[in-house]
Amino acid sequence: MFGKLTLSAIPFNDHIIMGAVVSSTVLALVIMALITYYKKWSYLWHEWLTSLDHKKIGIMYIILALVMLLRGFSDAIMMRAQQAMALGANHGYLTPHHFDQIFSSHGTIMIIFVAMPFMIGLMNIVVPQQIGARDVAFPLMNSISFWLTVSGVGLMMISLGVGEFSNTGWTGIAPLFEKTYNPGVGVDYWMWAVQIAGIGSTLTGINFFVTIIKMRAPGMRLMKMPLFTWTALTTNVLMVLSFPVLTVALFLLTMDRYLGMHFFTNALGGNMMMWNNLFWMWGHPEVYIVILPAFGVFSEVVATFSKKALFGYKSLVYATAVIMFLSFTVWLHHFFTMGNTPDVNIFFGITTMLIAIPTGVKVYDWLFTMYRGRITFSTPMYWTMGFLTVFVIGGMTGVLMAIPPADFVVHNSLFLIAHFHNMLIPGALFGYFAGYSYWFPKAFGFKLNEKWGKRAFWGWLIGFLVAFMPLYVLGFMGMPRRLAHYDNPAWQPYLIVAAVGAFIILLGVMAQGMQLFVSIRDRKKNTDETGDAWEYGRTLEWMTSSPPADYNFAVIPKVEELDEFWDMKEKGTAYKRPEKYYDIYMPKNQPHGVVVGGLALAFGFAMVWYIWWLAIVSLVAIITTIILIGANDDTDYVIPAEDVKRIEDAHFEKVAAAMAQVNNQGKGGE
């Protein structure tokens, strides 16, 4: 009845794993007990879990990403601590098999379950408001996408205490992930978690592509879209085109593991190199899927805190489009070392170098935007300056590795680990943290604490440099990646320094937790009354209240300029009350996303453990739910015009009071 699942699947004898399982379970029970004590289950269900409001879905995405960041970062701490001590006779505190699972889960979590949800969360909160829309094109699909991501997270977390996780890295390694070499459930957990979450990401890509193309405010032509919206558009093109490749690759692997086929073996007509081609056809666009939105954040932050329009707006747009195109032409540089012909290596080496050109254009445009600007160094600007300082190092090492002979030397070394962390931590994560602090007052109505935000930044920046610069040196010294133990004493000092860097980053993470606590405690002191939290907002999202009403805009704005809200402030029309309000139709809350997500989790778990009856029931239930969605015509509710007027009047009164206070302070200063 329970397939391969038995009590022996729970690793009672592994004290590290059981400690993590017990502590996670206790924390979850405490949270549920508090929700029960304060009688918040109904509130959570009706206001959040079943909500189709893109802003609330975005907030839930970011909460999910931050929770998984803690899990993924704990894996990083464990790896660094293991390598710092595992020299010679000292084999450290992790077994090689456990270490393999940790680096596999770390990569999977940070790419699929931190970077993707964080990026999609920011898009959900910001993009509809930036383009003057009331919601996304397909609100229910948005909810389903989120809950499919949650299902993938659920499988990741279950694998911690029931069975094991994959030991083949976040990329999978053919033919090591085949049933012959990996008969356990680890690869299956990885495969189904990524597959389910990937389907959700594909749906998100379709949703936001249609939203941006079809739902822009009147007058907002493509070349009047904000840069973050442009990067979101190109990102969603990449998602729509690349994620189906991953879906097919994982489906073929499923056929190998469940039906004894041989797509990714070198026997019976298979080819294990096909896995590398298919995976990296998705995997390299994926790098830009997570980096391009961060570039969009940096563009918005630089313009706002330099108090001037972006330098070279059109060149930034074209550079974004070129990066989108070139990202599909470089995947083979991930396996320069695997016996390709010189012609193939030369082509992919050149395209890899070329992608540095539009990236360099962006960097110079940001620098020229800041030139002679009246820069305010708030926390979002700190993250941006940290990115500009450190990201260029990773870019230069990338150009080095674009040379096939050089890549052949350092490909399987810690130099590569340093390089891609140098791209993804400053290039993506710093961007998300900048967006998190920049748009936090828009989502919640109050600012984050600046002092703790800057402390968090310094913890991350210094910790990153201390943790990853030694890995460049170790790469040149010949240390391979993925080592749980080594015999070369010359490596250990650098690994100890890298471990210290990881613990400095931990201080940054703790500072972010303190920042959130202090900000919530002092929220009444830092309330955003006008909606333009930083006072120099240029794009339409700063035109709405903070937090915005369910409908975002009482009257859809008519766009005339690139920085429309800035132009409205210049003309004195930014807070002009409309002559008349109308009824607004908005999507009702629906439970279908939660249902589909829960059923997908049950299906994935059943497939991992060969519980066929549960897999069939879950799949049939998912199909039934989708049919019911199609048959449901009761999808909207009406916000009457008088309610809209009441909400908007309250907002305008707050704006007037805030402006009067500013004017009085100005007169007092005179």
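- Side chains of N526 and S519: no donor on one and acceptor on the other come within 3.5 Å.
- Salt bridge E450/K454: present, at least one basic N to carboxylate O contact under 4.0 Å.
- For F430 and F387, the ring centers are positioned 6.0 Å apart or more.
- Ring centroids of Y438 and W542 are separated by less than 6.0 Å, placing the two rings close together.
- Remark: side-chain polar atoms of T384 are paired, donor with acceptor, to backbone N or O of P380 under 3.5 angstrom.
- Side-chain N or O atoms of W48 include none that pairs as donor or acceptor with a backbone N or O of M60 at under 3.5 Å.
- Atom CZ of F652 sits in a crowded spot, with more than 12 heavy atoms from other residues, nucleotides or ligands closer than 6.0 Å.
- In terms of modelled atom types and a separation under 3.5 Å, the side chain of E653 and the main chain of A650 share no donor-acceptor contact.
- Separating the CD1 atom in I206 from the CE atom in M239 is a distance of 9.5 Å, to the nearest 0.5 Å.
- For the pair I144 and G593, the tightest heavy-atom approach, listed with the atom from each and the gap, is CG1-CA, 3.8 Å.
- Not a single donor-acceptor pair under 3.5 Å links the side chain of D563 to the backbone N or O of T539.
- Atom OH of Y364 and atom CG of L388 lie 11.5 Å apart (nearest 0.5 Å).
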**OP:** Could you walk me through whether W383 and Y432 pass the ring-ring contact (aromatic ring centres under 6.0 Å, His included) test, one step at a time?
**Re:** CA-CA 9 Å; W383 290 111; Y432 301 157; over 10 Å; no
Subject >> Stepwise salt bridge (Lys or Arg N to Asp or Glu O under 4.0 Å) check, K447 with D528 >> reply: CA-CA 7 Å; K447 288 184 179 180; D528 173 22; over 6 Å; no
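- Taking the six-membered ring wherever Trp is involved, the centroid distance between the rings of F444 and F440 falls below 6.0 Å.
- Screening Y61, F146, F209 for a side-chain contact (heavy atoms from CB on, under 4.5 Å) involving T204 leaves a single residue, Y61.
- Residue Y382 forms a ring pair (Phe, Tyr, Trp, His ring centres under 6.0 Å) with just one option from F457, F298, F305, and that option is F457.
- Counting heavy atoms of neighbouring residues, nucleotides and ligands inside a 6.0 Å radius, atom NZ of K224 exceeds 12 of them.
- Residues W460 and V509 have side chains in contact (heavy-atom distance under 4.5 Å, counting atoms from C-beta outward).
- Rounding to the nearest 0.5 angstrom, the gap separating the CZ atom in F420 from the OG1 atom in T397 is 11.5 Å.
- The closest side-chain heavy-atom distance from P548 to Q129 is below 4.5 Å.
- For the 3.5 Å distance criterion, the side chains of D522 and N449 fail to qualify, holding no donor opposite an acceptor.
- A donor-acceptor contact closer than 3.5 angstrom is absent between the side chains of E529 and T527.
- With rounding to the nearest 0.5 angstrom, the OH atom of Y585 is 12.0 Å from the CZ atom of R134.
- Contact check for I125 versus I59: side-chain heavy atoms found under the 4.5 Å cut-off.
- There is no side-chain donor-acceptor pair under 3.5 Å between N124 and K56.
- Under the 4.0 Å criterion applied to side-chain N and carboxylate O atoms, K571 and E560 are assigned as salt-bridge partners.
- Residues D583 and A641 come closest through the heavy atom pair OD1-N, 2.7 Å.
- At distances below 3.5 Å, not a single donor-acceptor pair connects side-chain atoms of K558 with backbone N or O atoms of P218.
- Under the side chain to side chain donor-acceptor pair (under 3.5 Å) rule, K588 has a single partner from D636, N632, T635, D634, which is D634.
- Open room surrounds CZ on F325; 12 or fewer heavy atoms of other groups in view lie less than 6.0 Å from it.
- K442 places a side-chain N or O within 3.5 Å of a backbone atom of G531 that can act as its donor or acceptor partner.
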**OP:** Assess whether side-chain contact (heavy atoms from CB on, under 4.5 Å) is satisfied between K645 and K580, documenting all intermediate values.
**Re:** CA-CA 8 Å; K645 183 178 185 305; K580 186 177 181 181; over 6 Å; no
**OP:** For the pair V301 and M381, evaluate side-chain contact (heavy atoms from CB on, under 4.5 Å) and give the outcome as yes or no after the intermediate values.
**Re:** CA-CA 6 Å; V301 168; M381 199 63 181; 4.0 Å; yes
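- Salt-bridge check for D532 with K569: passed, with a basic side-chain N closer than 4.0 Å to an acidic carboxylate O.
- Of the N and O atoms on the side chains of K654 and T530, not one donor lies less than 3.5 Å from an acceptor on the other residue.
- Between Y581 and E642 the shortest side-chain heavy-atom distance does not fall below 4.5 Å.
- At distances below 3.5 Å, not a single donor-acceptor pair connects side-chain atoms of T234 with backbone N or O atoms of T320.
- Ring centroid separation for the pair F311 and W366 does not come in under the 6.0 Å cut-off.
- Note that the OG1 atom of T211 and the CE atom of M123 stand 9.5 Å from one another [nearest 0.5 Å].
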**OP:** Test side chain to side chain donor-acceptor pair (under 3.5 Å) on K307 and T376 and set out the steps.
**Re:** CA-CA 8 Å; K307 304 180 182 67; T376 302; 2.3 Å; yes
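- The CD1 atom of I57 sits 4.0 Å away from atom CG of N142, with the distance rounded to the nearest 0.5 Å.
- Residues A443 and P547 approach most closely at O-CB, 3.2 Å, considering heavy atoms.
- Between D649 and R577 there is a salt bridge, since a side-chain N of the basic residue sits under 4.0 Å from a carboxylate O of the acidic one.
- Formation of a donor-acceptor pair under 3.5 Å by the K308 side chain with backbone atoms of M370 is not found in this model.
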Subject >> Intermediate values then yes/no, side-chain contact (heavy atoms from CB on, under 4.5 Å), T229 and L233 >> reply: CA-CA 6 Å; T229 299; L233 177 62; 5.6 Å; no
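- Checked by atom type and distance alone, the side chain of S242 pairs as donor or acceptor with a backbone atom of L238 at under 3.5 Å.
- Side-chain contact of W439 with E300: a donor-acceptor pair under 3.5 Å is absent, judged by distance alone.
- For R521, the CZ atom is densely surrounded, since the number of other residues' heavy atoms within 6.0 Å is greater than 12.
- Looking at every heavy atom in both residues, M423 comes nearest to G395 through SD-N, 3.5 Å.
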**OP:** Show your reasoning for whether side-chain contact (heavy atoms from CB on, under 4.5 Å) applies to Y575 and M659.
**Re:** CA-CA 11 Å; Y575 299 108; M659 288 184 169; 3.0 Å; yes
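- Closest approach of G508 to A456, counting heavy atoms only: O-CB, 3.6 Å.
- Side-chain atoms of H419 come within 3.5 Å of backbone N or O of G394 as a donor-acceptor pair.
- Looking at R646 and D643, a side-chain N of the basic residue comes within less than 4.0 Å of a carboxylate O on the acidic one, giving a salt bridge.
- If you check the side chains of W566 and Y536, you find no donor sitting under 3.5 Å from an acceptor.
- Between the side chains of Y551 and E648, at least one donor N or O sits under 3.5 Å from an acceptor N or O.
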